Amino acid sequence: MNTLRWGILQALGLTVVAVGSAIAPTVVEAQVTSAVVRGHVLANGNPVPAGVQVIATNAETGFTKQSTTQENGSYALIGLVPGTYQLRIQGEGYQPTARAVRVSIGQVIDLDLNAMTEAATTVSDEVVVTAERLVDMRTSEVSTNISVEQIESLPQGNRNFLNFAALAPGVRINDRDTEKTFQAGALTANAVNVYIDGVSYKNQVINGGVVGQDSSRGNPFPQNAVQEFRVITQNFKAEYEQASSAIITAKTKSGTNEFHGDTFIYYQDKSLVADDDFARPGEPKAQYERKQYGLSFGGPIIRDKLHFFVAYEGNDQDRAERVTLGNPAAQPIFGQYEGSFVQPFREDLFFGKLDFQPSYNQTMDLSFSLREESDIKDFSGQNSYEAANDIKNTVRTLKFGHTYDAESFTNEATLLYMKYEWHPTPVNYDLIGREYVGIIRIGGGSTKQNIGQEVWTFKDDVTFTEFDWLGGHSVKTGLRISKVDYEVEKYQVSNPIFRYRPEIGNYAFPAEAEYGTGDPDLSGKTTQYGLYVQDDWSVTPKLTLNLGVRWDYDTDLLGKDYVTPAGIRAAASQYVPDRYFTDGNDRDSPTDLFQPRLGFSFDMFDDNRTVLFGGVGRYFDRVLYNEILDERFRLQWGVRKFQFSQDGLPRNGQPTIVWNDAYLSVDGLNQLIASGVAPNPEIFLIDSKTRIPETVQASLGIRQRLGDDWLTSLTFARNRSRHGFTYIFGNRNPDGLNGPLPDEGCCAPVSGGFGNILVSSDAKQTWYNGVYVTLEKAYSEASRWGMTLAYTYSEAEETGGDLFSLDYPKVSDYPRHPTSGDERHRIVMTGIMALPWDMKLSSTLTLGSGTGYTIVDQSQGTGPGEIQYRYYTARPAKHSFLIPGVDAWGYRSLDFRLEKSFEFGGSQAFSLVGEVFNVFDYENYDPRSYNGNIPFGGGVNEAFGKPTELIEPGRRFQVGMTYSF
């Protein structure tokens with residue numbers, strides 16, 4: 001297999017060398033956030049000679065792109081910003097002619113143009129008001145374009161533009177209130193990447209895939225600054241990096257030759273939201289209010305040359321959480337901590353941009369974005385408001401781009417900066433935490449963290465002019481260099497928590513305490529390099545091959561300079577092989593991360609209507625930085641546990657300390673640490689031979705145009721991923737090794753006073769098979785309506801658990817089981833319709849068969865090998881939608897949006913908006929809240945198969961107003 005793989009790489013390399021050495025280099029490969037229009041200029045059915053100009057003028061900005069025809073009449077316009085263009089033909093002996101077209105992000109359009117000779121009848125050259133919307137039929141990618149009409153018109157509850165990715169087959173949106181992520185295939189959200197104007201928002205530190213999205217109610221970017229975006233779920237080309245499941249690439253709005261602006265506000269409160277199905281009978285609705293508001297403004301500084309655009313969005317949410325005593329008898333003492341308390345969330349999103357075209361062959365852009373949010377939460381139930389945390393989230397980006405068009409190539413140079421900071425901080429960090437078990441937890445939160453990444457990136461992409469060799473070739477090559485600083489500080493339980501138990505002293509003194517001390521700094525740095533070459537080869541007029549290869553290198557993937565302490569080596573060497581230990585020279589980053597990618601499209605009848613397409617590619621991602629830190633963190637920072645008593649006698653085999661009120665402080669516990677009363681930590685070890693997560697994607701499909709307006713497709717997708725990173729118990733005999741004692745309960749004891757040993761494993765695997773069906777009619781001002789339909793059938797399976805696979809001795813012992821995101825059937829359907837009296841109606845229907853939950857079968861016992869885990873095999877109850885008796889859906893939601901516009905002053909408009917989400921008030925339960933426990937001995941669990949939480953509220957309304965000029 002390795003010989004075959006290397007042979008493929010060599011073949012691709014020879015192709016690249018041959019292409020790169022050819023002379024007269026235009027491109028079929030689109031830039032990440034732009035489009036390409038190419039084809040031939042014909043006169044009376046014959047190619048025009050070389051030297052005829054094709055000029056594309058952006059109808060709104062006046063910016064131009066130019067191309068000169070080759071000997072065969074071919075032309076290519078590279079790097080077109082999505083929008084409407086006038087394509088003009090100019091040349092000696094030909095009349096100036098124009099054609100209006102509209103291109104979308106990421107498209108590569110084949111478009112032949114007709115030139116009129118001077119001898120022909122004169123034709124009108126006036127601007128066409130309605131531009132022809134071009135369709136990219138020949139892409140080998142499985143992709144979905146989200147248009148500006150969809151972003152602006154479809155019902156949208158929280159203004160997170162990533163939610164529209166649900167319109168792409170194979171993509172699932174996480175609807176949970178504080179986890180605004182998306183995923184594709186059998187992989188988690190960590191495997192995706194999002195580009196906004198070419199800036200990667202990849203989270204390399206912690207979960208979520210996109211910076212700031214894993215533990216937030218907020219949005220990554222102001223939606224009123226997003227012009228359109230593209231979702232690529234399969235077979236993305238070699239220019240994309242750090243993703244192995246799906247890519248989103250978005251283009252922001254720009255200023256134009258006219259001053260335009262808009263402002264909006266949307267409102268929702270508890271009176272507009274249905275009752276919570278799990279609220280106590282007679283309990284009043286909890287406080288809730290959400291306001292989303294914003295504005296944008298753009299225009300010319302120098303017409304046709306320099307434009308500006310700025311946008312702002314605010315997101316204010318207030319919702320209540322109830323704190324309740326576990327024992328009402330304690331109300332006289334702790335009653336002041338009970339009640340309903342507001343959980344405020346505040347987010348501000350800014351974006352600013354300058355676009356400049358100093359000459360016809362140069363463009364420059366400079367942009368800045370800022371996201372700042374604060375979310376005070378983590379209190380409810382028996383956790384008092386005093387223990388709340390303020391989750392602070394900040395993302396800053398800066399981008400400068402320069403594009404230069406020469407006769408033989410186009411060069412795009414980009415300098416990018418991104419800084420992400422995530423700071424969960426206790427609101428009352430100066431108050432000692434006290435938990436009265438069974439009653440209430442008071443005092444400040446225990447842990448604060450500073451986690452983030454700072455990334456400087458230089459990218460340079462060169463696209464060469466098309467040349468002929470056994471067909472037409474278009475070559476794009478690029479280089480990426482990123483300097484990444486990981487900023488991580490973990491103050492785990494740095495504010496002590498004292499626990500009072502009724503069975504020990506009857507709450508008179510704390511039975512135990514936890515307190516963390518040490519060095520919290522786990523920061524690091526790395527440099528990342530990426531190289532790629534992409535050759536789009538038009539073998540015949542019907543057949544196009546997309547041949548690409550990418551190579552990535554990261555100077556520090558696994559903590560290359562870490563040295564295993566001698567004490568750790570001595571304690572663990574009897575259990576684990578030498579490859580888990582390092583002297584600082586054993587963890588070289590892999591240099592063989594070559595990723596060949598092959599795509600094809602075949603126009604079956606050479607009419608751009610029926611196209612067979614497909615591809616296969618290899619994709620690497622990286623292990624999250626946070627996942628490798630425990631090896632150091634457990635040694636740098638220890639969470640000490642202290643047992644207290646009145647008499648100092650051992651309890652449960654553990655020594656105790658005679659309680660003294662002086663210990664109820666940080667200083668008091670520091671004194672105990674100095675006297676040596678503290679256990680040693682668990683041992684974490686990383687395999688020096690850890691392989692990088694890898695995915696092979698393959699797809700095959702057919703795309704069909706129906707008439708002039710309809711487009712449909714059928715695609716078969718298959719993904720295979722391996723080398724997923726996880727931890728298993730190291731003193732549970734990994735690799736068949738035996739410790740000095742047999743396993744008892746879980747693991748053999750470790751000498752030196754250490755806890756268990758956990759070692760890394762790269763044995764996780766996933767399998768994904770999917771069938772995608774799409775149907776689309778794009779909205780246009782001419783037809784005044786549009787619709788989309790995306791149906792997904794999929795099977796997603798895996799071995800192992802999440803970051804910790806501790807239920808079996810080894811990952812390979814896990815049965816192959818469905819993933820947490822495995823949903824066999826999913827339908828997403830949208831519609832937009834313009835109505836009389838300046839009204840517009842839109843809707844989104846989402847139906848899903850439901851994801852599974854885990855059955856924990858303890859009927860045969862609770863010891864090792866007795867508990868049976870059936871991961872995500874149980875499914876939620878199914879219900880019908882519109883068709884009685886056809887119970888197929890575990891998730892159902894139908895949303896509507898109605899907008900009424902009032903136009904005045906020639907170019908101004910005021911609109912009233914009403915939206916309703918989940919109009920039928922369906923109960924959509926959170927699959928993680930289902931009870932899947934089967935008790936010991938086969939006893940009856942009355943709660944089995946029942947949920948305890950909704951994934952989102954039921955029916956809810958939202959009202960809004962907009963003004964634009």
Side-chain angles (χ1 to χ4, degrees), residues 175-179 214-217 270 273-289 317-345 374-391 424-429 431-449 492-493 495-504 507 510-514 853 923 925-933 941-943 946-954:
D175 295 313
R176 297 184 184 95
D177 190 45
T178 58
E179 199 175 338
D214 183 60
S215 302
S216 172
R217 305 182 194 279
K270 66 179 182 180
V273 179
D275 292 334
D276 185 347
D277 290 4
F278 295 102
R280 297 176 181 175
E283 182 180 7
K285 281 186 180 180
Q287 180 177 339
Y288 170 72
E289 183 180 60
Q317 300 182 37
D318 290 313
R319 66 195 71 209
E321 288 287 354
R322 180 170 293 279
V323 176
T324 306
L325 297 181
N327 185 351
Q331 206 279 336
I333 302 175
F334 299 105
Q336 69 270 31
Y337 297 104
E338 277 195 307
S340 182
F341 299 86
V342 173
Q343 188 182 74
F345 170 83
S374 169
D375 191 4
I376 297 177
K377 60 180 186 179
D378 297 335
F379 60 91
S380 65
Q382 296 177 29
N383 214 35
S384 74
Y385 182 80
E386 280 188 344
N389 290 309
D390 186 359
I391 313 299
T425 304
V427 174
N428 297 296
Y429 191 64
L431 295 180
I432 295 295
R434 289 180 289 171
E435 179 182 358
Y436 294 85
V437 176
I439 299 177
I440 189 73
R441 192 254 197 240
I442 63 175
S446 297
T447 299
K448 68 176 181 179
Q449 300 182 71
Q492 186 176 357
V493 200
N495 184 33
I497 175 71
F498 292 82
R499 292 191 178 89
Y500 298 73
R501 298 184 180 277
E503 70 274 17
I504 302 173
Y507 300 120
E512 61 194 45
E514 290 186 6
Y853 59 94
E923 298 168 339
Y925 299 115
D926 189 336
R928 296 184 302 185
S929 73
Y930 279 84
N931 188 314
N933 295 320
N941 177 7
E942 297 289 346
K946 296 180 181 179
T948 57
E949 294 181 18
L950 293 169
I951 196 171
E952 60 184 10

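One is the number of the first residue; the rest follow in order along the sequence. All of these numbers come straight from a predicted model, not from anything done at the bench. Values below: every heavy atom of this structure, side chains too, minus hydrogens, waters and symmetry copies.
Looking at K285, its side chain does come within 3.5 Å of a backbone N or O of K270 through a donor-acceptor pair. Under a 3.5 Å cut-off, the side chain of T447 and the backbone N or O of Q492 do not form any donor-acceptor pair. Judged by distance alone, with hydrogens and angles left aside, the side-chain atoms of T425 form no donor-acceptor pair with the main-chain N or O of K448 at under 3.5 Å. N383 places a side-chain N or O within donor-acceptor distance of the main-chain N or O of D378, the cut-off being under 3.5 Å.
P424 and I391 get closest at one heavy-atom pair: CB-CD1, 3.6 Å. Between G445 and N389 the shortest heavy-atom distance is CA-OD1, 4.3 Å. For Y385 against V323, the heavy-atom pair with the smallest separation is N-CG2, 4.2 Å. In terms of heavy atoms, P927 sits closest to Y853 at O-CB, 3.4 Å. Between I376 and A388, the shortest heavy-atom contact is CG2-CB, 3.9 Å. Of all the heavy atoms in N941 and N933, the pair that sits closest is ND2-O, 2.8 Å.
Donor-acceptor pairing under 3.5 Å is lacking for the side chains of S446 and N495.
Of the charged side-chain nitrogens involved, none lies within less than 4.0 Å of a carboxylate oxygen, so that E386 and R434 do not count as a salt-bridged pair.
Between the CZ atom in F345 and the CG atom in D375 there is a gap of 6.0 Å [rounded to 0.5 Å]. Considering CD1 of I442 and CD1 of I432, their distance stands at 11.5 Å, rounded to 0.5 Å. Here the OG-CG distance, from S384 to L431, works out to 9.5 Å after rounding to the nearest 0.5 Å.
Considering only heavy atoms from C-beta on, R499 stays 4.5 Å or farther from P510 through its side chain. E338 has its side chain within reach of Q331: a pair of non-hydrogen atoms, C-beta onward, lies under 4.5 Å apart. Looking only at side-chain heavy atoms (C-beta outward), R441 and Q382 stay at 4.5 Å or farther from each other. Side-chain contact between Q343 and D318 is absent, with no heavy-atom pair separated by less than 4.5 Å. The shortest side-chain heavy-atom distance between T948 and D926 does not fall under the 4.5 Å cut-off. Between Y288 and V273, the closest side-chain pair of non-hydrogen atoms falls below 4.5 Å.
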For S374 and D390, what are the C-alpha separation, side-chain angles and deciding distance, and is it a side chain to side chain donor-acceptor pair (under 3.5 Å)?
CA-CA 6 Å; S374 169; D390 186 359; 2.6 Å; yes

Test salt bridge (charged side-chain N to carboxylate O under 4.0 Å, His left out) applied to E512 and R501, step by step
CA-CA 9 Å; E512 61 194 45; R501 298 184 180 277; 3.3 Å; yes

Should E321 and K377 be marked as a salt bridge (charged side-chain N to carboxylate O under 4.0 Å, His left out) after you check the CA-CA gap, both sets of side-chain angles, and the distance that decides it?
CA-CA 9 Å; E321 288 287 354; K377 60 180 186 179; over 6 Å; no

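Aromatic ring pairs are classed by plane angle as parallel below 30°, tilted from 30° to 60° and perpendicular above 60°; the pair F379 and F341 is perpendicular. Between Y500 and Y436, the ring planes lie parallel to each other; the angle is under 30°, not in the 30° to 60° tilted range.
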